[in-house]
Protein chains: 2
Amino acid sequence: MSAERNTRQRRTIRDVVERADRPLSTDEILAGAHATIPSLGRATVYRSIRALLDEGWLTAVDIPGRTSLYERAGKAHHHHFECTQCKRVYELDGCASEIRGELPAGFVATGHGVMIFGACAACSRLSR
Amino acid sequence: MSAERNTRQRRTIRDVVERADRPLSTDEILAGAHATIPSLGRATVYRSIRALLDEGWLTAVDIPGRTSLYERAGKAHHHHFECTQCKRVYELDGCASEIRGELPAGFVATGHGVMIFGACAACSRLSR
DNA sequence: TTTCTTGCAAAAGTTTTGCATCTAA
DNA sequence: TTAGATGCAAAACTTTTGCAAGAAA
């Protein structure tokens, strides 16, 4: 078992994620942490992300064709919306979808993820 | 505009995808194509995948924490199921989910993707 | 002290590109 | 012919690892 040490870099990375209002990329986490600890290395970001994922503090948000984004876990169940024009990813409050049965016999579902694509308010206004 | 040439390698790659009953990785596509054209290079696979995606013949299936898989586009709308034990990805017939309104004002949805996680028939039987 | 963590750099895995050659049209 | 496609190798990215040095506990 691991002993989970409370280091300055780990604390800083948690802060960066905590303060963000949207899922962040590893680069954004690194940049945010650099503001506090300029010497913090990229490997530490990856190692911390893995530790925080294992710990269940963080969750990965996967967007087709991009590297993973990460956000604080433990929020109310929600999904994501990617604007196909400006590429921003938004969090949608609540679970706007309903997953119904329809699984093959013997299959057991334990979770799901939903990604909705479209145009966000700003972009849909522009294209009208 | 591009002229889309009907080459032997492009034809072979289409065949491999067409024959598969599940989404394939680039390695699986390469391996499958090698059976017909041993000299076919990895770069050709990537270039073909991109061309076929642009053309709308192929679609990418993104699974968290893995490289993308690809499947024939134009099938009936469906989603995917990943067995968290054996890691196999299955296609689910039909759209077993229902995406309800609940988008912020001004947002317009044009599509969605659903990924369901759990245990497939074989694995859930074993763990019982 | 002891053991986990960090930084750096090197390594590994994946996808893209440059370029000479080849080939479908 | 001739513009697009291919193969190979090198380059570009992203993520992981080895190791010596640093820092929690």
Side-chain angles (χ1 to χ4, degrees), chain A residues 1-18 23-71 82 87 89, chain B residues 1-18 23-71 82 87 89:
Chain A
M1 263 257 96
S2 59
E4 262 307 321
R5 236 167 242 194
N6 180 25
T7 63
R8 202 155 88 80
Q9 17 281 81
R10 183 68 53 88
R11 227 179 300 128
T12 301
I13 288 171
R14 279 185 141 106
D15 268 12
V16 169
V17 172
E18 199 88 78
L24 302 178
S25 66
T26 55
D27 270 349
E28 291 174 314
I29 292 175
L30 178 63
H34 267 174
T36 305
I37 311 177
S39 68
L40 196 152
R42 180 171 249 94
T44 297
V45 170
Y46 280 103
R47 282 189 280 232
S48 296
I49 286 174
R50 195 193 299 183
L52 294 171
L53 285 173
D54 287 350
E55 193 182 306
W57 190 91
L58 199 64
T59 45
V61 177
D62 282 80
I63 284 78
R66 297 214 217 166
T67 59
S68 294
L69 304 182
Y70 302 90
E71 67 182 4
E82 182 189 29
K87 303 299 176 195
V89 174
Chain B
M1 262 259 96
S2 58
E4 260 309 320
R5 235 171 241 193
N6 179 25
T7 63
R8 202 155 89 82
Q9 17 283 83
R10 182 68 53 86
R11 227 178 300 128
T12 302
I13 288 172
R14 279 184 141 107
D15 269 11
V16 170
V17 172
E18 198 89 77
L24 302 177
S25 66
T26 55
D27 270 350
E28 292 174 314
I29 293 175
L30 178 63
H34 267 175
T36 306
I37 311 176
S39 68
L40 195 152
R42 180 172 248 93
T44 296
V45 170
Y46 280 103
R47 281 189 280 231
S48 296
I49 287 174
R50 195 193 298 183
L52 293 171
L53 285 173
D54 287 351
E55 194 182 307
W57 190 92
L58 200 66
T59 46
V61 177
D62 282 80
I63 284 79
R66 297 214 216 165
T67 59
S68 294
L69 304 181
Y70 301 91
E71 66 181 6
E82 183 190 29
K87 302 301 176 194
V89 173

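Letters A, B, ... mirror the listed sequences (proteins, then strands); counts begin at 1. These values consider heavy atoms only, across backbone and side chains, with no hydrogens, waters or symmetry-generated copies.
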Between the opening five pairs and the closing five pairs of the helix from dT1(C)-dA25(D) to dA25(C)-dT1(D), how far apart are the helix axes, to 10°? 40°
Using atom CD of Glu55(B) as one end and atom C1' of dG4(D) as the other, report the distance to the nearest whole Å. 14 Å
Where is the tightest heavy-atom contact between Ala33(A) and Leu40(A), given as atom of each residue plus distance? CB-CD1, 3.9 Å
Closest heavy-atom pair, Val16(A) versus Gly32(A), reported as atoms and distance to 0.1 Å, is CG2-C, 3.6 Å
On the nucleotide dT16(C), are OP1 or OP2 found under 4.0 Å from the side-chain N or O atoms that Arg50(B) carries? yes
Please compare Arg42(B) and Leu40(A) by the position of their nearest nucleotide in DNA chain C and report the one closer to 5'. Leu40(A)
With a 4.5 Å heavy-atom cut-off, do Tyr70(A) and Glu28(A) have their side chains touching? no
Do any side-chain nitrogens or oxygens of Tyr46(A) fall under 4.0 Å of OP1 or OP2 in dT16(D)? no
Polar side-chain contact Arg47(B)-dG4(D) base: donor and acceptor under 3.5 Å: no
Atom CD1 of Ile49(A) and atom P of dT16(D): how far apart are they, to the nearest Å? 9 Å
dC13(D) C1' sits how many Å from Leu30(A) CG, rounded? 15 Å
With side-chain contact (heavy atoms from CB on, under 4.5 Å) as the test, would you mind laying out the steps for Tyr46(A) and Arg50(A) before giving the verdict? CA-CA 6 Å; Tyr46(A) 280 103; Arg50(A) 195 193 299 183; over 6 Å; no
Interatomic distance, Arg66(B) CZ vs dT14(D) C1' [rounded to whole Å]: 18 Å
Euclidean distance, atom CG of residue Asp54(B) to atom P of dG4(D) [Å, nearest integer]: 15 Å
I need the single residue from Arg11(B), Arg14(B), Arg10(B), Gln9(B) that forms a side chain to side chain donor-acceptor pair (under 3.5 Å) with Ser48(B). Which is it? Arg10(B)
Provide, to the nearest angstrom, the distance between the CG atom belonging to Asp62(B) and the P atom belonging to dT14(C). 15 Å
Strictly below 4.0 Å: does Thr7(B) bring a side-chain N or O up to OP1 or OP2 of dA24(C)? no
Side-chain contact, heavy-atom cut-off 4.5 Å: Asp62(A) with Asp62(B)? no
In short, Leu24(A) meets Val17(A) closest at the heavy-atom pair CD1-CA, 4.4 Å
Can you see if the side chain of Arg10(B) gets near the phosphate of dT6(D) - specifically, an N or O under 4.0 Å from OP1 or OP2? yes
Determine: side-chain N/O of Arg5(A) to OP1/OP2 of dT2(C), distance under 4.0 Å, yes or no. no
Closest approach to the side chain of Ala43(B), judged atom by atom: which nucleotide of dT6(D), dA9(D), dT6(C) is it? dA9(D)
Nearest-angstrom distance from the residue atom CZ of Arg8(B) to C1' of dC22(C): 13 Å
Please check the phosphate of dA24(C) (OP1 and OP2 only) for any side-chain N or O of Arg11(B) closer than 4.0 Å. no
Between Thr67(A) and dC13(D), does any side-chain N or O lie under 4.0 Å from OP1 or OP2? no
What's the closest nucleotide to the side chain of Ser39(A) if the choices are dT15(C), dG7(C), dT17(C)? dG7(C)
Among dT15(D), dT6(D), dT16(D), find the nucleotide with the atom closest to the side chain of Thr26(A). dT15(D)
Non-hydrogen side-chain atoms of Leu52(B) and Ile13(B) separated by less than 4.5 Å: yes
Given dT23(C), is OP1 or OP2 found less than 4.0 Å from the side-chain N or O atoms of Gln9(B)? no
